[in-house]
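Here's the structure we're looking at; comments come further down.
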Amino acid sequence: MLKINGPSLLKAGTMGAAIAGLLYLMSLTPFFDNVLMVLLLVGGILIPIGTGMYYGYLAPGEETMFQSVVGGAISGLVVGLILGLAFGLNAFVMSSLPFLGSLASGIGTSLIVGGIFGVVGAILGAVGGLIWKFIQKPEPTE
């Protein structure tokens with residue numbers, strides 16, 4: 001039976017989404033835009049992996065490798081969706097400010113970008129959960 005630790009999942013997903021959202025909001029300011037946009041693009045890969053690893057860190061050490069991968073994937077999915085929707089909505093707003101007639105196509109594009117980022121985030125989160133299981137040291141038995 002698949003038992004995912006809910007509180008650990010919530011903490012890891014929330015922390016990853018908060019970091020991704022903060023970096024994204026900071027990248028919108030003129031002072032930070034170029035530097036943080038590069039960090040955000042790199043973070044688009046590293047934040048979901050780190051979130052998956054953080055889930056493994058928070059979850060009790062009794063889960064199997066499959067449970068760690070699934071928990072990391074769900075945590076990474078949250079981060080990917082947040083990043084994807086933020087990028088998609090930003091692109092939609094910036095492209096359609098003068099022409100609000102393309103509202104439906106812009107929202108559809110935003111949802112597609114969000115979905116793509118969500119899937120990539122889930123895959124990277126699963127990789128993070130798997131990495132955590134490999135670096136986690138087993139408890140010594142007496």
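Sequential numbering from 1 along the given sequence is applied to the chain's residues.
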Side-chain polar contacts of residues 6-22 - donor-acceptor pairs under 3.5 angstrom, sequence neighbours left out - could you list them?
residue : atom : partner : partner atom : Å
Ser8    : OG   : Asn5    : OD1          : 3.1
Ser8    : OG   : Leu58   : O            : 3.2
Ser8    : OG   : Ala59   : N            : 3.4
Thr14   : OG1  : Leu10   : O            : 2.6

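- Distance CD1/Ile82 to CZ/Phe117: 12.5 Å, rounded to 0.5 Å.
- Of all non-hydrogen atoms in Thr51 and Ser75, the two that sit nearest each other are CG2-CB, 3.4 Å.
- When the side-chain contact (heavy atoms from CB on, under 4.5 Å) test is applied to Leu124, the partners found at least two apart in sequence or on another chain are Ile45, Pro48, Ile49, Val120.
- Cluster partners of Val119, using a side-chain heavy-atom cutoff of under 4.5 Å among ILVMFWY residues and allowing indirect links, are Ile123.
- By the criterion of side-chain heavy atoms lying less than 4.5 angstrom apart, applied directly or through intervening Ile, Leu, Val, Met, Phe, Trp or Tyr residues, Phe66 is grouped together with Ile74 in one hydrophobic cluster.
- Here Val127 pairs with Ile131 under the side-chain contact (heavy atoms from CB on, under 4.5 Å) rule; sequence neighbours left out.
- Tyr57 is linked by a ring-ring contact (aromatic ring centres under 6.0 Å, His included) to Trp132, counting only residues two or more places apart in sequence or in another chain.
- A donor-acceptor distance shorter than 3.5 angstrom exists from the side chain of Ser68 to the backbone of Gly129, with no hydrogens or angles considered.
- The closest side-chain heavy-atom distance from Lys133 to Val69 is not below 4.5 Å.
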